[in-house]
*Asks:* 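Dumping the structure here so I can ask a few things about it.
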2 protein chains.
Amino acid sequence: MALGKDYVTQECSIARALEVVGERWTLLVVRDAIYGVRRYNDFLVHLGIPRAVLSARLRTLTEEGILEKRRYQQSPPRDEYVVTERGAALWPVLRALGHWGREHVDATRLRSFRHADCGGEVEPYGTCAACGTLVAVRDVVMVPGPELDPDPADPVSRALLRPKRLLEPLETDPAHLAD
Amino acid sequence: MALGKDYVTQECSIARALEVVGERWTLLVVRDAIYGVRRYNDFLVHLGIPRAVLSARLRTLTEEGILEKRRYQQSPPRDEYVVTERGAALWPVLRALGHWGREHVDATRLRSFRHADCGGEVEPYGTCAACGTLVAVRDVVMVPGPELDPDPADPVSRALLRPKRLLEPLETDPAHLAD
DNA sequence: GGGGTCAGTTCAATGACCGAACCGTAAGAC
DNA sequence: GTCTTACGGTTCGGTCATTGAACTGACCCC
């Protein structure tokens, strides 16, 4: 955050959280990271975010321990940004936001989330409708809904058209999208 | 939101939600409203927010149907801002944020939330630790913790030093604070 | 050497936010 | 009737953040 004073007078853990993830774009970067996006360029085209802002957000999210910068090839040197435990712990926040958006902003069902073990739908509060267990992030499968644009422009959106387990890296390689 | 384009490329209910409540200060205003703050001046002193920004947020939150402007006295004309159903539905988002802040930013336990019916603690996912039911916002009692400043400067923080049921109007009248 | 990809940085322009000052209505004190 | 205070704003100049476009640099392949 950091604009003059942050939420300085606030003795409140909600304000503390918002000081870390309350800036514009930040939660969308975390959402994408949880969806499996890891590369600078993939965040860029999927979010439509200005490059300078993306660089700034990736830097502060890394400093805050929400993402981890990790070299995945030496030549040319390439880094990827992977969600940490701390970042994955933001999943309930994103789920709650998404649920509110679907209920109170726009009713279209763009995606649904299912329990990988039993296929039951993950309910607003994070439990599985079928088996009742509290579903951990890594056991959630994102399933695209019928109202999603079937032919999006960017490769990341295209890769997200198929069911995908959260946290696992997103495969934008066209070879994988063909099969 | 509204800065150039909003999150325009985003086909996602999380982005939709953030277009409505993603601006700086917005979620803190909603939090205060759920805590029972209703008057312009009370928001002002409790948040330490610039007046112009508060006016703007109250206006857009009212337009979005998250708060409702309501005349509570005719002379002098005075309005209060009361959370609607739609606003109260943001409670799970705030609870999730607060939980993340407490777990991953600052471990101090500033406040806890309890089920009004049985006194059990409301868990991160909204259920009561004692009786297991999913606790609705209006059945939550906010209980101040020991690490909260015992003698805050503003009357709203002072009023929030005593246990308080969410959504009910906050009483900042000194007469009530004395007993 | 030329062209392409990726991951950034730099920069001028615009928009949002900040703090302080001002304003209008009305109540209550004197 | 005048003075003071409280409340709920608006206005304004300055600062900070965000934007989009252009540029950089490292590397690969042909």
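Below, read A as the first sequence line, B as the second, and so on, with proteins coming before strands; counting in each chain starts at 1.
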*Asks:* Mind calculating the distance between CG (B:Leu44) and P (D:dT10) to the nearest angstrom?
*Replies:*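 The distance from CG of B:Leu44 to P of D:dT10 comes to 13 Å, rounded to the nearest Å.
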
*Asks:* Might you point out which heavy atoms bring B:Ala15 and A:Arg31 nearest each other, and give the distance in Å?
*Replies:*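 Looking at all heavy atoms of both residues, the closest pair is CB-NH1, 4.4 Å.
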
*Asks:* Could you tell me how far apart A:Glu23 (CD) and D:dT19 (C1') are, to the nearest whole angstrom?
*Replies:*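 Spelled out: CD on A:Glu23 to C1' on D:dT19 is 15 Å.
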
*Asks:* Determine the contact category for B:Tyr81: base if any of its heavy atoms lies under 4.0 Å from a base atom, sugar-phosphate if only primed atoms, P, OP1 or OP2 are that close, otherwise nothing.
*Replies:*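 The residue B:Tyr81 makes sugar-phosphate contact but no base contact.
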
*Asks:* Looking only at the side chain of A:Tyr72 (C-beta and beyond, no hydrogens), which of the listed nucleotides D:dG9, C:dG8, C:dA7 gets closest?
*Replies:*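 Output: C:dA7.
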
*Asks:* Select one nucleotide: of C:dT9, C:dA26, D:dT18, the one nearest the side-chain heavy atoms of A:Arg51.
*Replies:*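 Closest nucleotide among those given: C:dT9.
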
*Asks:* Does the side chain of A:Lys69 get closer than 4.0 angstrom to OP1 or OP2 of C:dA7 through an N or O atom?
*Replies:*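 No.
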
*Asks:* Does A:Arg138 pair with A:Glu85 as a salt bridge, N-O distance under 4.0 Å?
*Replies:*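 Salt bridge between A:Arg138 and A:Glu85, a charged N being under 4.0 Å from a carboxylate O: yes.
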
*Asks:* Do B:Arg78 and D:dG8 share a donor-acceptor pair, side chain to base, under 3.5 Å?
*Replies:*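 It does not, because no donor-acceptor pair links the side chain of B:Arg78 to the base of D:dG8 below 3.5 Å.
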
*Asks:* Could you check which of D:dT19, D:dT10, C:dC17 has an atom nearest any side-chain atom of A:Arg24?
*Replies:*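 Ranking D:dT19, D:dT10, C:dC17 by closest atom to the A:Arg24 side chain puts D:dT19 first.
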
*Asks:* Return the value, rounded to whole Å, for the distance between atom CZ of B:Arg71 and atom C1' of D:dG9.
*Replies:*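 Those two atoms, CZ and C1', are 13 Å apart.
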
*Asks:* Considering only side-chain heavy atoms of A:Tyr40, which listed nucleotide, C:dA27, C:dA7, D:dA6, is closest?
*Replies:*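 Given the options C:dA27, C:dA7, D:dA6, the side chain of A:Tyr40 is closest to C:dA7.
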
*Asks:* May I ask you to decide whether B:Arg102 forms a salt bridge with B:Glu147, counting only side-chain N to carboxylate O separations under 4.0 Å?
*Replies:*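 The answer is no: the pair does not qualify as a salt bridge.
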
*Asks:* How long is the line joining CG of B:Leu54 and C1' of C:dC18, in whole Å?
*Replies:*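 Going from CG in B:Leu54 over to C1' in C:dC18 covers 14 Å.
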
*Asks:* Do A:Gln73 side-chain atoms and A:Pro76 backbone N/O form a donor-acceptor pair below 3.5 Å?
*Replies:*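 Pair found, side chain donor or acceptor close to backbone of A:Pro76.
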
*Asks:* Would you indicate which nucleotide in D:dT18, D:dG9, C:dC17 comes nearest to any side-chain atom of B:Arg57?
*Replies:*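 The listed nucleotide nearest to B:Arg57's side chain is C:dC17.
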
*Asks:* Given B:Asp79, which partner from the list B:Arg39, B:Arg71, B:Arg59 fulfils the salt bridge (Lys or Arg N to Asp or Glu O under 4.0 Å) test?
*Replies:*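 Single pass found, and it is B:Arg71.
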
*Asks:* Does A:Trp25 put a side-chain nitrogen or oxygen below 4.0 Å from OP1 or OP2 of D:dA17?
*Replies:*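 No.
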
*Asks:* At under 4.0 Å between heavy atoms, what does A:Ala56 touch on the DNA or RNA strands: base, sugar-phosphate, or nothing?
*Replies:*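 Since no nucleic acid heavy atom lies under 4.0 Å of A:Ala56, the category is nothing.
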
*Asks:* B:Arg39 has an atom CZ; how far is it from atom C1' of D:dG8, in whole Å?
*Replies:*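 Between C1' of D:dG8 and CZ of B:Arg39: 11 Å.
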
*Asks:* Does C:dA7 have OP1 or OP2 under 4.0 Å away from a side-chain N or O of A:Ser55?
*Replies:*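 Checking A:Ser55 against C:dA7: no side-chain N or O falls below 4.0 Å of OP1 or OP2.
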
*Asks:* Nearest whole Å is fine: how far is D:dA26 P from A:Gln73 CD?
*Replies:*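 About 16 Å, once rounded to whole Å.
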
*Asks:* How close or far is atom P of D:dC7 from atom CG of B:Leu58, stated in whole angstroms?
*Replies:*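 Rounded to whole Å, this separation is 16 Å.
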
*Asks:* So which nucleotide from D:dC7, C:dG8, D:dG9 ends up closest to the side chain of B:Asn41?
*Replies:*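 Side chain of B:Asn41 sits closest to D:dC7.
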
*Asks:* Would you kindly give the CG-to-P distance between A:Asp154 and C:dC6, to the nearest whole Å?
*Replies:*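 Atom-to-atom, A:Asp154 to C:dC6, this comes out as 13 Å.
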
*Asks:* Quick check for you: among D:dA22, D:dT19, C:dA27, whose closest atom lies nearest to any side-chain atom of A:Val53?
*Replies:*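 Among the listed nucleotides, the one closest to the side chain of A:Val53 is D:dT19.
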
*Asks:* Aromatic rings A:Trp91 and A:Phe113: how do their planes relate, parallel, tilted or perpendicular, breaks at 30° and 60°?
*Replies:*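 Geometry flag for A:Phe113 against A:Trp91: perpendicular rings.
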
*Asks:* Starting from the 5' end of DNA chain D, give me the residue, A:Pro77 or B:Pro77, whose nearest nucleotide shows up first.
*Replies:*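 Counting from the 5' end, the first nearest nucleotide belongs to B:Pro77.
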
